[in-house]
Amino acid sequence: MSLPRPVSDTLIELLKPVASELGERLGASAVNERYAEIEPSGSSALNQQIKKDPRWIKAQMRYLQRQQAREQELIALADAEERVKEERANRIKAQEVRDKRAISRLCRDLMREFQSEAIRVKLSEIQTIWDRDNWFSNLSRQETEQILQQQQHRLLLLVAPAKISQDCPDSFRHNLNIELPAKLRAFLNQHYPPHGDLCPVQFYGDYFKKSISDIDVERLQTVLSPVPTAILYSDISDYEVNFHVGFWGVINQSVSLVAMQPWNWEEVYHQLEAEGKDQKLSLRIIRQIIVTIHKLLAAFLADLYYLNIDFTHEPQLFKLEAEFAQEWFSKDWALPYIETLKEIQEQQRIVYKGEMRRLALREAKARAERQRLEEAELKRREEAEAAAKRVKELAHKLKHQKWRCVYTLPGHSSFVNSLAISPDGKILASGSWDKTIKIWNLETAELIGTLTGHSDRVNSVAISYDGKMLVSGSSDETIKFWNLHNGDLLCTFPGHSMEVNSVAINPKRPVIASCGGADNTIKLWNLRTGELLRTLRGHSDNVNAVVFSPDGKILASGSSDATSKVWDVESGKLLRTLSGLNVGVNSVAIAPDGQILASVSNDYTIKLRNLHTGSLLRILNTNYAKGKGVTNLGTNEALHILQNYVSRGDSVAISGDCLTLVSGCDDNTINIWNLQTGELLSSLKGHSGTVYSVAIAPSGNLLASGSADQTIKIWRCDS
């Protein structure tokens with residue numbers, strides 16, 4: 001049975017504007033960007049927070065991938081048998097439903113999680129609000145708190161008792177407020193159950209003690225603002241009904257109040273009488289229409305809310321035509337609401353597709369980046385494995401190298417304190433405590449000449465990068481410049497007070513460095529003119545050694561103040577101080593690749609550091625020969641301790657290929673180390689006194705050693 005056409009038409013005209021207004025004011029925030037601009041802190045902002053969550057992005061990408069796989073599977077079914085096609089299509093559809101429900105659950109879980117802080121704040125305020133107002137709820141404060149503390153995110157829907165005029169028929173006043181909550185509860189429990197997976201609605205038909213007005217809705221919002229809530233309330237006079245909707249939590253947490261145009265129920269009553277229906281039935285039909293309008297509004301609001309937060313939501317209202325038709329309800333009544341939901345749903349799908357495209361693009365970029373990183377990591381591992389293999393092969397090769405003494409050069413009458421080899425590897429210069437410098441043919445061991453002129457022991461000699469000049473530093477407090485090829489003394493100038501301990505020549509520019517004496521300084525000189533360029537201050541005791549980096553930009557120094565220092569040559573700025581040595585530093589060397597700084601200390605150790613960071617790489621000390629092996633130092637110390645016996649006052653040299661380090665010892669031996677692994681390769685014996693100086697030829701297969709036994713020995717490596 002259906003209502004008379006005039007009655008239905010009137011109701012359709014009454015309901016249609018409300019669908020449009022609710023859709024516009026409470027519609028999907030993802031579509032209505034203007035609301036996000038107006039209220040960026042509201043639900044739209046919450047939606048954006050969810051969309052940025054890694055869990056949501058991951059779930060969306062998984063859903064997209066599974067959806068694409070389903071589409072491909074459906075395409076592949078085109079030629080299958082009908083029975084097989086139907087079975088697989090049903091299975092695919094069931095998978096789609098399960099995936100959508102999983103997305104819906106995640107959306108609600110995330111929304112609940114992100115709202116938890118607002119709920120916590122509200123719970124701390126509720127007692128003050130409760131005490132301040134004459135509260136109109138049938139529920140206690142504790143029961144209202146339980147609404148806030150619901151673990152599952154859901155829409156809260158409340159219906160207030162209708163405000164019914166005393167002039168209304170007794171049937172309204174006695175029955176409507178009984179029928180309305182009971183039938184609305186049954187309707188919602190069936191189609192929007194509170195613990196359902198799709199669109200749960202928590203319904204209270206008895207929350208309010210009495211009928212309410214707009215101001216009561218706003219008062220309630222002060223308590224329940226973190227919970228998305230819809231409130232239905234109405235006023236009934238002796239001839240018309242005013243339907244009201246209060247809502248918050250869709251676009252923002254501000255209250256939206258929407259009122260329908262008044263419905264003249266008395267006019268409908270007379271139309272029903274004209275159709276031959278008696279008074280009792282006519283009033284019952286009118287009450288039923290009022291209840292049904294509440295059901296329609298409740299269903300629309302629930303679907304609107306979940307469509308707003310969940311792109312997968314399929315509105316239940318689309319399936320409820322039969323439900324309403326049983327209640328004098330024409331399907332045309334719901335049509336404006338269904339059309340509004342479909343329009344918003346289509347807009348949501350458009351937005352969703354755009355988001356999926358962006359996610360797919362981002363995922364493609366991320367996948368490409370992951371692939372690039374994986375390939376880079378694979379390449380790094382392959383290179384590391386190849387490098388480790390090369391190191392192992394080189395270690396094996398180095399371990400089996402045999403060094404032998406090919407020449408012993410007598411000639412000095414005191415300690416041989418310093419050695420230098422020319423860049424072409426043909427000439428050896430030696431400085432001695434006998435106050436002389438001797439020049440040797442390194443290949444034949446022939447004495448080329450003896451340079452005299454210093455009045456005290458020669459502590460250091462260095463050959464220029466072009467192989468033309470020799471510089472020497474002496475305890476006579478002078479620095480002398482010599483022509484290496486003819487032995488002519490080019491110039492002499494004062495160096496440091498008391499003595500010059502070390503000199504070094506910059507390999508890239510005409511600059512020399514000198515140190516020593518009681519002034520604790522390092523001085524930089526112009527190699528061509530002898531002009532003092534700069535004095536470096538910072539050490540607090542004698543500076544014993546200086547060395548330039550291969551690129552000429554860095555100078556390293558070692559001092560009796562128990563530190564090594566690293567300086568910028570151009571500016572003279574101190575870059576870093578390497579302390580923790582406890583005892584004086586006697587000698588320093590920098591590897592030809594410019595990465596490692598070696599320093600020799602009075603505690604019988606050689607410390608290897610990263611030149612650019614200062615980090616300690618390893619220590620060579622006295623215990624290796626006793627079989628104590630390798631000891632770990634910890635994260636801020638060396639990677640290994642490599643142990644052997646190192647002299648006080650000796651020197652170190654690093655081969656041009658950066659594979660070996662050579663050190664002289666006060667047990668009269670020369671130690672050869674694998675610089676990459678720290679392994680002691682061999683100890684060369686032959687001197688009868690402390691080995692004070694060592695130098696390696698650029699070829700790497702010749703080295704020279706100077707000793708307290710007044711001799712120089714030339715050693716050759718036979719691979």
In terms of heavy-atom contacts, does [atom1] of [X] have more than 12 from other residues, nucleotides or ligands at under 6.0 Å?
X: Gln279; atom1: CD; answer: no
X: Glu377; atom1: CD; answer: yes
X: Lys93; atom1: NZ; answer: no

Just checking, is any N or O donor in the side chain of Tyr63 or Glu96 under 3.5 Å from an acceptor N or O on the other one? yes

Using only atom types and a distance under 3.5 Å, with no angle test, would you say the side chain of [X] pairs donor to acceptor with the backbone of [Y]?
X: Asp235; Y: Lys163; answer: no
X: Asp216; Y: Ser213; answer: yes
X: Tyr306; Y: Pro200; answer: yes
X: Arg173; Y: Cys168; answer: yes
X: Thr229; Y: Val227; answer: yes
X: Trp248; Y: Leu224; answer: yes

Verify side-chain contact (heavy atoms from CB on, under 4.5 Å) between Leu155 and Phe247, making sure each step is shown before the conclusion. CA-CA 10 Å; Leu155 176 67; Phe247 206 104; 4.1 Å; yes

* Asked: Between Asp167 and Phe172, is a side-chain contact (heavy atoms from CB on, under 4.5 Å) present by the stated rule, with each step listed?
  -> CA-CA 10 Å; Asp167 295 330; Phe172 276 26; over 6 Å; no

Between [Y] and [X], does any NZ, NE, NH1 or NH2 come within less than 4.0 Å of an OD or OE carboxylate oxygen?
X: Glu179; Y: Lys295; answer: no
X: Lys280; Y: Asp278; answer: no
X: Lys342; Y: Glu339; answer: no
X: Arg83; Y: Glu86; answer: no

Applying ring pair (Phe, Tyr, Trp, His ring centres under 6.0 Å) to Tyr233 and not counting sequence neighbours gives His244

Sorted by chain and number, sequence neighbours left out, ring pair (Phe, Tyr, Trp, His ring centres under 6.0 Å) with Phe243 holds for His294

The residue among Glu375, Glu374, Arg367 that forms side chain to side chain donor-acceptor pair (under 3.5 Å) with Gln371 is Glu375

What's the separation between atom [atom1] in [X] and atom [atom2] in [Y], rounded to the nearest 0.5 Å?
X: Tyr337; Y: Leu296; atom1: OH; atom2: CG; answer: 5.0 Å
X: Phe300; Y: Leu307; atom1: CZ; atom2: CG; answer: 9.5 Å
X: Gln288; Y: Leu180; atom1: CD; atom2: CG; answer: 10.5 Å

Stepwise side-chain contact (heavy atoms from CB on, under 4.5 Å) check, Gln67 with Asp99 = CA-CA 9 Å; Gln67 188 182 55; Asp99 286 351; over 6 Å; no

**Arg287 and Ile290, any side-chain heavy atoms less than 4.5 Å apart** = no

Trace of the side-chain contact (heavy atoms from CB on, under 4.5 Å) decision for Met61 with Lys58 = CA-CA 5 Å; Met61 289 309 307; Lys58 183 178 179 181; 5.9 Å; no

